[in-house]
Amino acid sequence: MTLKLRLRDHLSDPAKKRAFNEAVFEEVAPTYRIVNRVLSFGRDAAWKKHLVRSLPDADSPACVDLACGTGDLVALLLRRYPNARVTGVDLTRGMLDRARARFQDDPRVTFLQADLCQSGLPDASADIVTGGYALRNAPDLDTALAEVRRILKPGGHAAFLDFSKPESPALQKVEAALLKAWCGFWGFVVHGNPEVYTYVPASLAHFPNTAELRRLLGQRGFQDIRSRRFFAGVTEGVTFRKPA
């Protein structure tokens, strides 16, 4: 089945979406960090820094970074919390190989190959859960949020960065067209296949808009839900807390 055909049909089926994500992110792993910088006009690193700065102070938290990729948020968590223990979870071996090489001599870091919807981590084991472009890529968003709630300790905090879907249908169309053109261009330049990165606007079409996402988090029992949009609202950092 071609990547183009799978892009059309995988988004509403969790099993197909998981398989598609694994294939795509395995393919992009060698260039993932640099392409993130290029796609964001160099702002991706700043957004991630702000996301981690928005978390509360802690002495030696147990942190989990879901869909950790090559470890950008892992590095920022260690810088913010020098005595932390950080577990990076990712679906793809290619991403984890690069993350492990980056932190190979750091005893504070562990990496685990797993679906973010089924991390296998113990209940109530994390003080902090983070994710960069994680929730939108989850095979099933409700299941992912349930997993975040399950692994968070009572009173634990979560912070996620992702592309943001406007509330206005007209703005959604404008954003989708711009992302399709920009992401498609770089997919063709880097991989010879625009479908690799036009997955971003396609997946965003199935993701809640900013107001819906906040309502969904509240319905799932999270509290202190806050957000900050970046880059004219194209991306958003969302923080929330599990009740104590």
Side-chain angles (χ1 to χ4, degrees), residues 1-45 47-48 66-72 89-99 113-117 131-141 143-144 160-166 169-210 213 230-236:
M1 186 179 295
T2 67
L3 183 61
K4 185 172 183 178
L5 289 173
R6 294 181 71 181
L7 181 58
R8 289 204 304 263
D9 72 4
H10 79 284
L11 288 165
S12 60
D13 184 300
K16 289 181 179 180
K17 185 173 183 180
R18 183 187 187 280
F20 183 89
N21 283 347
E22 188 169 13
V24 167
F25 286 104
E26 194 70 51
E27 180 176 346
V28 305
T31 56
Y32 183 72
R33 290 185 71 194
I34 186 63
V35 170
N36 270 352
R37 303 295 187 266
V38 171
L39 288 176
S40 66
F41 295 92
R43 298 303 299 160
D44 173 71
W47 301 335
K48 290 174 178 175
L66 297 175
C68 67
T70 58
D72 282 359
V89 178
D90 202 275
L91 184 62
T92 56
R93 181 174 179 178
M95 292 290 191
L96 291 173
D97 285 347
R98 286 158 179 80
Q113 185 172 2
D115 185 335
L116 66 87
C117 292
Y133 315 111
L135 294 180
R136 177 181 46 82
N137 289 319
D140 181 79
L141 180 56
T143 305
F160 286 87
L161 174 70
D162 217 317
F163 287 90
S164 176
K165 184 176 177 179
L171 290 178
Q172 290 174 18
K173 291 180 181 179
V174 172
E175 180 186 57
L178 292 173
L179 285 174
K180 185 175 182 179
W182 184 239
C183 295
F185 171 76
W186 285 106
F188 180 78
V189 168
V190 178
H191 299 279
N193 183 357
E195 298 289 341
V196 172
Y197 295 124
T198 54
Y199 167 74
V200 172
S203 62
L204 192 58
H206 291 254
F207 194 64
N209 67 39
T210 54
L213 180 59
F230 305 102
F231 210 58
V234 173
T235 58
E236 181 178 31

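Numbers for residues simply follow the sequence, beginning at 1.
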Residues which pass ring-ring contact (aromatic ring centres under 6.0 Å, His included) with [X], listed by chain and number, not counting sequence neighbours:
| X | result |
| --- | --- |
| F207 | none |
| F25 | none |
| F231 | F41, W47 |

Next item on the list: State which residues pass side-chain contact (heavy atoms from CB on, under 4.5 Å) with K173; sequence neighbours excluded, sorted by chain then number.
Entry: none

Next item on the list: Not counting sequence neighbours, which residues clear side-chain contact (heavy atoms from CB on, under 4.5 Å) with P30? List them please.
Entry: R98

Next item on the list: Tell me yes or no: between the side chains of N36 and Y133, is some donor less than 3.5 Å from an acceptor?
Entry: no

Note to self: Tell me whether Y32 at atom OH has more than 12 heavy atoms from other residues, nucleotides or ligands lying less than 6.0 Å away.
What the structure shows: yes

Next item on the list: Indicate yes or no: at least one non-hydrogen side-chain atom of F188 is less than 4.5 angstrom from one of N193.
Entry: no

side-chain hydrogen bond (donor to acceptor under 3.5 Å, both in side chains) with [X]: which residues, sequence neighbours excluded?
| X | value |
| --- | --- |
| D97 | none |
| R37 | D44, D72 |
| T92 | D90 |
| T143 | D140 |

Return the set of residues passing salt bridge (charged side-chain N to carboxylate O under 4.0 Å, His left out) with [X] (not counting sequence neighbours), or none when no residue passes.
| X | result |
| --- | --- |
| R136 | D162 |
| E22 | R18 |
| E175 | none |

